[in-house]
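Have a look at the structure below before the remarks.
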Amino acid sequence: MSPVEAYYQKLDPERRQLAYILRDIVLAASPQVTEKLAWGLPFFYAHSYLCYLNPDKKGGLYLGFTRGNKLSNQQGILEMKGRKQIASISYRSVEDIDVAPLEEILQEALLVDEEFYKKKK
């Protein structure tokens, strides 16, 4: 069992179901996207950190975007929560997942990641 899979197996059943659905959506965003455990959390990468899943204190999960401050948030669902760089979307249940705007945000995050990668070269 991979370290990421072991992480998911430790989650309570509701969070685990939510995590697997979000994971599938993120991984489907691009064939470039991969997943690994970093800082004890599942992180998704393209050229660099794209986003990660993290349990919240209210029994749900949030999907954090590492360059959230660079995203347009035209969908109006990203929250900065007083942070300077990371924007997130909180989910309490599977019913909270609205796939279309999440896919738009993921595509924009991939573009931001690509630009960051080009500047680093």
Side-chain angles (χ1 to χ4, degrees):
M1 181 181 304
S2 74
V4 176
E5 189 59 37
Y7 174 89
Y8 290 129
Q9 291 304 312
K10 290 179 186 175
L11 295 174
D12 63 75
E14 293 82 19
R15 276 189 177 146
R16 186 178 319 125
Q17 180 186 20
L18 189 55
Y20 279 138
I21 292 169
L22 291 170
R23 171 195 204 188
D24 288 346
I25 293 168
V26 174
L27 291 174
S30 169
Q32 277 186 295
V33 178
T34 60
E35 173 186 43
K36 67 181 176 180
L37 209 62
W39 296 286
L41 298 172
F43 269 78
F44 301 92
Y45 297 81
H47 294 293
S48 62
Y49 300 122
L50 190 65
C51 58
Y52 62 95
L53 286 172
N54 194 17
D56 65 19
K57 295 176 183 177
K58 297 178 182 177
L61 289 173
Y62 71 83
L63 185 60
F65 290 86
T66 56
R67 291 188 184 82
N69 60 324
K70 305 286 187 198
L71 301 175
S72 67
N73 196 19
Q74 290 177 346
Q75 302 79 10
I77 59 175
L78 290 170
E79 301 174 310
M80 292 302 291
K81 296 184 179 180
R83 299 172 291 207
K84 292 182 180 180
Q85 186 171 338
I86 295 172
S88 62
I89 307 168
S90 295
Y91 298 97
R92 301 279 172 259
S93 70
V94 173
E95 291 78 26
D96 290 344
I97 301 172
D98 191 352
V99 177
L102 177 53
E103 288 174 336
E104 289 174 9
I105 292 168
L106 286 165
Q107 290 307 310
E108 185 180 3
L110 284 161
L111 290 172
V112 169
D113 182 66
E114 180 72 28
E115 287 301 312
F116 178 77
Y117 175 72
K118 285 179 184 176
K119 286 180 184 175
K120 264 182 100 171
K121 281 181 128 181

Around atom NZ of K81, are there more than 12 heavy atoms of other residues, nucleotides or ligands at under 6.0 Å? yes
Polar side-chain atom of R15 near backbone of D56 as donor-acceptor pair, under 3.5 Å: yes
Closer than 3.5 angstrom, by distance alone: can the side chain of D24 be matched with the main-chain N or O of I21 as a donor-acceptor pair? no
Check [X] against [Y] and note the closest heavy-atom contact, atom names and distance.
X	Y	value
R16	Q9	NH2-O, 3.2 Å
V4	P42	CG1-CB, 4.3 Å
R83	S88	NH2-OG, 2.7 Å
R67	S48	NH1-OG, 3.1 Å
A19	L53	O-CD1, 3.8 Å
L63	C51	CD1-SG, 3.9 Å

Single-linkage hydrophobic cluster, 4.5 Å side-chain cutoff, M1 and L37 together: no
Quickly, which of F65, Y7, Y49 forms a ring-ring contact (aromatic ring centres under 6.0 Å, His included) with F43? Name it, please. Y49
Check the side chains of Q107 and E103 for a donor-acceptor pair under 3.5 angstrom, ignoring hydrogens and angles. no
So Y52 and Y62, would you call those rings parallel, tilted or perpendicular, with 30° and 60° as cut-offs? perpendicular
